[in-house]
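Input: a single structure, listed below in structure tokens.
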Amino acid sequence: MFYKVLPIVEKEVINNKYFIITFTNFEMAEQSCPGQFFKLKGLEQEFPILPRPFSVFKKEDSKLSFLIKVVGTATKNLSQLKIEERVALLGPLGNGFQIHNGKKVLIVSGGIGYAPLNFLRDGLNKADNEITFFHGGKNANDVFSKNIRIYTEDGSIGEKGLVTDGVEEFLSQNQIDVVYTCGPENMLRKVKEICEGFKTKLYMSMETVMACGIGSCCGCAIKVEENGKPVYKKVCKDGPVFDGYKIV
Amino acid sequence: MFYKVLPIVEKEVINNKYFIITFTNFEMAEQSCPGQFFKLKGLEQEFPILPRPFSVFKKEDSKLSFLIKVVGTATKNLSQLKIEERVALLGPLGNGFQIHNGKKVLIVSGGIGYAPLNFLRDGLNKADNEITFFHGGKNANDVFSKNIRIYTEDGSIGEKGLVTDGVEEFLSQNQIDVVYTCGPENMLRKVKEICEGFKTKLYMSMETVMACGIGSCCGCAIKVEENGKPVYKKVCKDGPVFDGYKIV
Amino acid sequence: MIDFKIKIGKMLWKNPVTVASGTFGLEFGELFDISQLGAIVTKTVTLHPKQGNAPPRIAETEAGLLNSIGLQNPGIENFIKTDLHEYRIIDTNLIVSISADSISQFGEVIQELERQSGIDGYEINVSCPNVESEGIIFGTDNKTVFKLVSMIKKTTERTVIVKLTPNLTSIENIARVAENAGADAISLINTVYGMAIDIETRKPKIKNVIAGYSGIGIKPIALQNVFRVAKVVKIPIIGMGGIRNTNDALEFIIAGATAVAVGTQNFVNPLSTLDIIQGLKKYLDEKKVQYKDLINSVNF
Amino acid sequence: MIDFKIKIGKMLWKNPVTVASGTFGLEFGELFDISQLGAIVTKTVTLHPKQGNAPPRIAETEAGLLNSIGLQNPGIENFIKTDLHEYRIIDTNLIVSISADSISQFGEVIQELERQSGIDGYEINVSCPNVESEGIIFGTDNKTVFKLVSMIKKTTERTVIVKLTPNLTSIENIARVAENAGADAISLINTVYGMAIDIETRKPKIKNVIAGYSGIGIKPIALQNVFRVAKVVKIPIIGMGGIRNTNDALEFIIAGATAVAVGTQNFVNPLSTLDIIQGLKKYLDEKKVQYKDLINSVNF
Ligand SMILES: Cc1cc2nc3c(=O)[nH]c(=O)nc-3n(C[C@H](O)[C@H](O)[C@H](O)COP(=O)(O)OP(=O)(O)OC[C@H]3O[C@@H](n4cnc5c(N)ncnc54)[C@H](O)[C@@H]3O)c2cc1C
Ligand SMILES: Cc1cc2nc3c(=O)[nH]c(=O)nc-3n(C[C@H](O)[C@H](O)[C@H](O)COP(=O)(O)OP(=O)(O)OC[C@H]3O[C@@H](n4cnc5c(N)ncnc54)[C@H](O)[C@@H]3O)c2cc1C
Ligand SMILES: Cc1cc2nc3c(=O)[nH]c(=O)nc-3n(C[C@H](O)[C@H](O)[C@H](O)COP(=O)(O)O)c2cc1C
Ligand SMILES: Cc1cc2nc3c(=O)[nH]c(=O)nc-3n(C[C@H](O)[C@H](O)[C@H](O)COP(=O)(O)O)c2cc1C
Ligand code: FES
Ligand code: FES
């Protein structure tokens, strides 16, 4: 974990909702694993106050990229930064995805949930997993790769429907060991329901509002089952990836 | 007095401290007199909260220009706006300079105090006054016109010294009816001292922190002598121009 | 057609939006038709003229405003001769904000105003020191508030609104006391005590040192005060503190305010009250909610 | 060489900068050498483990942060077994923040801690309800504070700091009471009550509804509290509330704080305490002032 102020070295605007920014830092990149995240804040941007958490989307040598969706002020502010402008980064943070070797895995991604799963895919590939990647979005604007199975609510690209429709079908026809997922709450709930039926392993990346991001403030509590009892865990430190079946 | 959101139609960066922005609005321009001011705030700029007061620097038909010095956050924010970006304007506000006809007048300007005096000069010209214009600044960067008598503290342009040095000399050699002045507090105090000796009329444009700008909040109080007694006047409404001898 | 007429005491407001005392004046009439407001609250007036505090009286902080105007006002007699004449012909409710040094002086001010027509209500500003009890702020002392409000209620048939200060341990207690003493409504919050220092000169940014803090920085504080008071009183609440726009106003209404007042934001956008009136209409329309169902509707 | 060693009770601090309870933890040690701080204040610990409040516990407002963590902590026994072991080897002052439901429970916590070495002081967090007196917040009741602090002073030789809540009518009174009861220092302010509502869902943004407001939006409030307390007590004050940088820290010191604590800003820039230590040195150097001459030096 490091705190550094770095200039943006690359910026790619995907469409008016999504963009990618890239930083170069050897130490930060070296330590980053799939599922981990950074807190980011434009150096000159006073408000909103809290740096926001973003998953590592891609790592290439010393380069770290973040895929960001504009949803409110902090993300809008970040979207307005230009190459060379400076961002304060804290990370890598949290526990990433557990990567098994040589398994049959399914990745289920919804909307911006794609960000950590994109990086995860690289990790899974290196560990000789057989990967199927499902991604769902509202429309073509929410799709970041064509190389995977796509569902959109309006059918503007890929299949029309919810990504979870495809998951159900796929799991009933394929023997899958592990499911990795990240996306909106409703989708996660549905994925969990489906996976329960098929008894796959299930890793879920969760979101809560964060303050410190490093486990000090207890702000990011989430209720998780532990030894049969519900307890509060810290999404920033104990997660963001949890055993999906343990989320209360 | 109007409240309008207008796009910047012209912008001139004089140097890294000063810039001029121009708006077009017939009604606002029509009502504006020398010495009056507007409150300005970039429409998308939430903090600082209060719009800031700026004197009318130039009026040409429907065009209103402001000469602005970057001193803190609000002025920095304004300096970063580009043509077409929108600014909320409230004005014209306050009582401007009283303009007499056919007098011998001296204008004494210090730093950004030049802004209202530049517009004043046009008004005085129309009323057949014989004008001498003294301007002082720290260095060449604080000088906006070469057509006048310049003093700089470092001597980088014009005479080396304080503008008030020149005023003393000038008044002792010339019969002047009216002195108009705007600038830093020390300068105003000195100008007053000098003018007292020569019994000229003296109009001073004053600055205080302002909230409403229209006379409602009593926030901009300044102590002024009235009927021999000190009373609080509102710089935004009773001023910003006052009889210089009455400032306590 | 959205209907959001509300009742505050004996007053019927055409909409729930007004202005916070001291942040508004007749000057705004040059910018818009101020009869469109649900009510107008005047600057606080006192028995005798007050010249106000020494400047600087205003300073901006990172997220709000500090002020220490010191209730500058021409005194009740001049107020009646000048401003009141103009205010009373404006076709909306007129609420005169008043303050005094002692309970009896409050009485004198009200008596003067009772002789005048065109006034619909009084807002009792209790955020100032009571010379009769060692300068303790009226609004922090339950007994004094009870006596004061009871006395005023006996003196007038007009609507009596008590404006609370947030600078105390229990806003609920003082609100209950005001209600029990007969207050028709409560408005809150007045400014929060605040201070700022210029580190170069080491001077306080406000000459009077401790000042009143207003604006967006106090919104969370104001909201919780409104919410807590709404739980313990039945009379309507006029909520204020940092309201800038429709969304801010909605938070106050949901928290328990029947009406909202705009203060500091009048200095930023003098038309913001109108924007809020429009914005509330739009929200009610889009959400298909009745205004009265929105008030005090926190969804736990 | 700038010397700004200060004394807080029996503690000698190498510089006047610490952290606000609950906003810091051993994790920061991965980012910088936390022995550079004048002192470390732990999260508040209680006798029994506390699971904390239901989420959401954190929400950002326009100019600050709302939190309602609910004092989540592993309880004193686990604290001693885990965190304390790591804290005590760090070469700076260790202040354990404690809270309890009753005076006697405060006593039990202190007794546990008294058996442990490596602790330099206690910060008594009195911003929570006292079950023995109908849930009234300890820190708003003069008598309770007097009893509590007197009891603690009898139990320990270590430095006792009382951390005040600003949510009361007179911070001066409670500060005086704490001093009279023997407190070695006062720290202030704890969070201000605040609230925010999501207007789409009408849900409170914090599950627990009323929360603690911190960050830059409370700075003017914190400053005036420090200023007022500095006028009435002789013991040192640890000032906090919205401090982000050297300039903010200087305001507190000029207002009367002997030391400053950084809270919410730790979430923004985890190294801000170090920046402030450096910045203060630079200011003293440039202005050629002694640190002690800066404390409580408002220039009227
Ligand atoms: C572990 C983690 C990884 C994430 N990875 C990505 C990513 O790779 N790409 C991406 O676009 N988004 C990601 N997010 C979500 C991203 O953090 C939010 O979209 C962002 O904080 C919104 O800020 P805003 O000011 O633009 O919006 P706001 O208007 O402030 O908030 C919109 C929503 O964002 C969330 N949010 C607000 N403040 C915080 C905070 N302090 N901490 C966390 N969430 C907050 C809340 O759910 C809120 O309702 C991630 C979140 C978490 C917790
Ligand atoms: C009637 C009048 C006319 C003016 N005309 C011009 C002009 O033509 N060009 C120009 O560059 N400047 C002018 N000024 C000064 C200008 O308003 C300030 O420089 C500006 O407000 C600074 O804002 P800031 O945020 O950049 O700086 P800050 O860091 O906020 O403040 C720097 C200084 O600006 C002043 N200031 C701060 N807030 C306010 C406020 N709300 N109202 C008034 N002053 C404030 C204070 O003296 C403060 O110390 C005028 C001021 C007044 C009162
Ligand atoms: C400049 C100024 C002057 C004020 N004068 C008064 C006053 O005379 N009487 C009063 O009851 N409140 C006064 N207030 C308080 C406001 O009415 C209001 O309660 C407070 O500012 C909170 O609202 P806001 O955050 O929207 O400004 C004043 C506030 C400001 C900013
Ligand atoms: C997330 C969070 C947790 C806190 N927990 C505690 C706590 O356990 N004990 C305590 O005395 N104060 C606690 N506080 C209050 C801070 O110590 C501090 O008094 C307050 O936040 C004001 O300082 P700031 O504005 O710099 O954050 C907490 C504050 C925050 C933001
Ligand atoms: S955000 Fe602070 S503990 Fe997770
Ligand atoms: S700024 Fe409000 S009266 Fe002048």
Side-chain angles (χ1 to χ4, degrees), chain A residues 1-5 27-28 31 38-53 72-74 86-94 185 206-224 226 229-239 247-248, chain D residues 19-32 34 42-44 49-74 83 205-208 211-212 214-217 242 244-245 263-272 274-275:
Chain A
M1 166 167 70
F2 304 94
Y3 177 76
K4 287 183 198 286
V5 174
E27 294 162 300
M28 283 178 159
Q31 290 199 0
F38 282 71
K39 288 205 310 177
L40 267 60
K41 177 168 163 129
L43 198 67
E44 313 268 297
Q45 300 173 335
E46 172 98 38
F47 295 102
I49 294 170
L50 292 175
R52 299 294 203 250
T73 317
R86 290 181 308 158
V87 175
L89 287 92
L90 176 69
L93 303 171
E185 230 180 283
M206 304 303 294
E207 290 195 7
T208 53
V209 175
M210 289 187 183
C212 72
I214 64 176
S216 293
C217 76
C218 302
C220 59
I222 189 173
K223 216 169 228 171
V224 170
E226 198 180 55
K229 271 192 247 154
V231 295
Y232 287 124
K233 290 280 173 186
K234 296 168 185 168
V235 172
C236 75
K237 202 179 174 184
D238 303 318
I247 303 291
V248 183
Chain D
V19 288
S21 175
T23 67
F24 191 83
L26 285 160
E27 297 81 7
F28 283 78
E30 295 177 44
L31 292 164
F32 69 97
I34 60 181
T42 70
K43 223 173 301 186
T44 297
K50 267 182 185 279
Q51 66 160 5
N53 292 332
R57 294 177 175 183
I58 296 267
E60 186 163 346
T61 64
E62 294 78 4
L65 202 65
L66 294 176
N67 89 79
S68 181
I69 307 296
L71 295 185
Q72 175 174 349
N73 82 90
D83 280 19
K205 289 196 179 168
I206 298 284
K207 182 73 183 172
N208 208 31
S214 68
I216 187 64
R244 302 161 304 170
N245 52 34
T264 301
Q265 183 69 12
N266 289 318
F267 308 149
V268 182
N269 172 359
L271 309 185
S272 48
L274 293 192
D275 293 350

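To find a chain, count down the sequence lines: A is the first, B the second, and so on, and within it residues start at 1. Everything numeric in this text was worked out from a predicted model, so none of it was measured.
- With rounding to the nearest 0.5 angstrom, the CD atom of D:Gln51 is 12.0 Å from the SG atom of A:Cys218.
- For D:Gln265, no part lies near chain A; criterion is any non-hydrogen pair under 4.5 Å.
- For chain A, no part of D:Asn73 is nearby; none of its heavy atoms comes within less than 4.5 Å.
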Given side-chain contact (heavy atoms from CB on, under 4.5 Å), test A:Leu50 with D:Leu65 step by step and report yes or no.
CA-CA 9 Å; A:Leu50 292 175; D:Leu65 202 65; 3.3 Å; yes

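- Residue A:Lys223: no heavy atom, backbone or side chain, is found under 4.5 Å from chain D.
- Under a cut-off of 6.0 angstrom, the local environment of NZ in D:Lys207 is sparse, with at most 12 non-hydrogen atoms contributed by other residues, nucleotides or ligands.
- Heavy-atom pairs under 4.5 Å with chain D were tallied for A:Val209, A:Ile49, A:Ile222; the largest tally goes to A:Ile49.
- The contact between D:Glu60 and chain A is made entirely by side chain atoms (from C-beta outward), counting heavy-atom distances below 4.5 Å.
- For A:Ala221, the parts sitting under 4.5 Å from any heavy atom of chain D are the backbone and the side chain alike.
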Determine whether A:Met1 and D:Leu31 satisfy the following criterion, side-chain contact (heavy atoms from CB on, under 4.5 Å), listing intermediate values before the conclusion.
CA-CA 7 Å; A:Met1 166 167 70; D:Leu31 292 164; 3.6 Å; yes

Given the rule in the side-chain contact (heavy atoms from CB on, under 4.5 Å) test, do D:Ile216 and A:Phe47 qualify, once you have shown the distances and angles that lead to the verdict?
CA-CA 10 Å; D:Ile216 187 64; A:Phe47 295 102; 3.9 Å; yes

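- By number of non-hydrogen pairs under 4.5 angstrom with chain A, the leading residue of D:Asn269, D:Thr23, D:Thr264 is D:Asn269.
- If you take CZ on D:Phe267 and CD1 on A:Ile214, they are separated by 9.0 Å, rounding to the nearest 0.5 Å.
- Rounded to the nearest 0.5 angstrom, A:Cys212 SG and D:Glu27 CD are separated by 7.0 Å.
- For a residue to count as touching a neighbouring chain, one of its non-hydrogen atoms must lie under 4.5 Å from one of that chain's; by this rule D:Phe28 touches chain A with backbone and side chain alike.
- With rounding to the nearest 0.5 angstrom, the SG atom of A:Cys217 is 8.0 Å from the CG atom of D:Asn67.
- The two residues A:Tyr232 and D:Ala54 have their closest heavy-atom pair at OH-CA, 3.1 Å.
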